[in-house]
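Step one of this worksheet: look at the structure below.
Because only heavy atoms are used, hydrogens play no part in the values below, and waters and symmetry mates are left out as well, while side chains stay in.
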Amino acid sequence: MATSDIELTGSSAAYSPDNPAPLIEAPRARTPRTAGSTGRSRTNFELYGWVFMRLSGIVLAVLVVGHLLIQLVLDGGVSKVSFAFVAGRWASPFWQGWDLLMLWLAMLHGANGLRTVINDYAERDGTRFWLKMLLYAATVFTVLLGTLVIFTFDPNIR
Amino acid sequence: MATPVMDKAEAEAARPADSPYITATFRIRRFNPEAAAESYWEDFRVEIDPKERVLDALHKIKWDLDGTLTFRRSCAHGICGSDAMRINGRNRLACKTLIKDIAPEKPITVEPIKGLTVQKDLIVDMEPFFQAYRDVMPFLVTHGNEPTRERLQSAEDRERFDDTTKCILCAACTSSCPVFWNDGQYFGPAAIVNAHRFIFDSRDEAGEQRLEILNDKDGVWRCRTTFNCTDACPRGIEVTKAIQEVKRALITRRF
Ligand code: SF4
Ligand code: FES
């Protein structure tokens, strides 16, 4: 079929050799200007981030599976969890430390994972920036609030 | 839309019973910016020996059916790397893909590789791909006087980077990478493969510099080990493994 046979409709009707259609550019293509910026940021942030994900993943596997076993399976299952149960656990520095570590690692691990997802999928620089700001704000808020609760928990609150 | 092909019955009737030929349908993604802003699928029915390659079918279409079909090819023998395309949803070289291996009973889809700007039909703009390649300094860097003879290397030292010397820069790997599809600033597997070829070459002296380039935020750390690149490589290079080796070199350098 010759190109002249293609039935032109709507927005396409106006295109011709003198007036070609605009090409759909691939997102964020690499240009010589990008090249100039490479190597300028001489930090190991991404390297440490990558290592952190691996190490925290291993530790979290132990912490989270242990947490789920204790809360949901062993010793009567989920029905035993009550205010008194939580208060009893947090009386011990060991469980305080466990929960604190789990909170920090899970939040940082999850936040870093989401950061890479945003970097991968948000095409426009503005979208990237604001999504990441939202993510960081939510992470800082959750981590601080959680830490505060673990340390200032008062079993005689009523 | 009318397609200039013989009727199925007519085509099959004309063929003797012991003929090796089959009638295969090629469903090709066409785009012509001089005619329309949208791309579309077009079917071509071709009489062809299934032991021939997809490239032969494209030739048949271009030479006999529709001269406007546009694609790149040069060597036709899997060595120049110019005809990578998405055939039945997988990146392959048209000149290395036999028709009998890709289920010719069903329509065979042929599309341009993804993640690069399509210019016409199966031709994409390779410039961003080669820019990433240039950015990793894909050449030998040494200091001091040039030797008066070859730079000798032991067989073991050569073996270390043998796999990555086989790259033909076809872009099948980079354009199969989901990170690259969404963010073309990522170096992409092919650039890392070609950096690996020099980083692990005992004669080269700029390995440190190349590692630093790939330590960038758009460097090796964006790799998600999807293995699409290893599956796509027509040269059988273990692309993901090469990327992991660069990561390991960076980590052992730091710790
Ligand atoms: S590594 Fe393989 S797929 Fe990638 S450009 Fe080189 S030859 Fe092509
Ligand atoms: S035409 Fe050269 S690699 Fe296919």
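Residues of residues 91-104 of chain A lying under 4.5 angstrom from chain B, judged on non-hydrogen atoms, do not exist. Contacts between residues 46-55 of chain A and chain B, counted as heavy-atom pairs separated by less than 4.5 Å, involve A/Glu46, A/Leu47, A/Tyr48, A/Trp50, A/Val51. Of all residues in residues 115-135 of chain A, those placing a non-hydrogen atom less than 4.5 angstrom from a non-hydrogen atom of chain B are A/Thr116, A/Asn119, A/Asp120, A/Tyr121, A/Glu123, A/Arg128.
Proximity to chain A (any heavy atom under 4.5 Å) is restricted, for B/Phe31, to the side chain, taken from C-beta onward. Only the backbone of B/Leu116 comes within contact range of chain A, with heavy atoms under 4.5 Å apart. Heavy atoms of B/Gln209 lying under 4.5 Å from chain A are absent altogether.
Counting all heavy atoms, side chain and backbone alike, A/Ala29 lies closest to B/Gln185 at O-NE2, 3.3 Å. What you find for B/Gly115 and A/Ala26 is that their closest heavy atoms are O-CB, 3.2 Å. B/Trp181 approaches A/Pro27 most closely through the heavy-atom pair O-CG, 3.3 Å.
Within the 4.5 Å cutoff, side-chain heavy atoms of A/Asn44 are placed close to those of B/Asn215. In this structure, the side chains of B/Pro33 and A/Leu23 come closer than 4.5 Å at one or more pairs of heavy atoms. Here the side chains of B/Glu34 and A/Ser16 are not in contact, with every heavy-atom distance at 4.5 Å or above. Taking 4.5 Å as the limit, some side-chain heavy atom of A/Arg30 sits within range of a side-chain heavy atom of B/Phe187.
Sparse packing is recorded around CZ of A/Phe45, with 12 or fewer heavy atoms of other residues, nucleotides or ligands lying under 6.0 Å away. Within a 6.0 Å radius of NZ in A/Lys80, other residues, nucleotides and ligands contribute more than 12 heavy atoms. The local environment of CZ in B/Arg248 is sparse, with at most 12 non-hydrogen atoms from other residues, nucleotides or ligands closer than 6.0 Å. Few gaps surround CG on B/Leu140; more than 12 heavy atoms of other groups in view lie less than 6.0 Å from it.
When each of B/Arg134, B/Arg224, B/Lys114 is scored by its heavy-atom pairs under 4.5 Å with chain A, the top score falls to B/Arg224.
By the side chain to side chain donor-acceptor pair (under 3.5 Å) test, A/Thr139 is found to be paired with no residue, residues two or more places apart in sequence or in another chain being considered.
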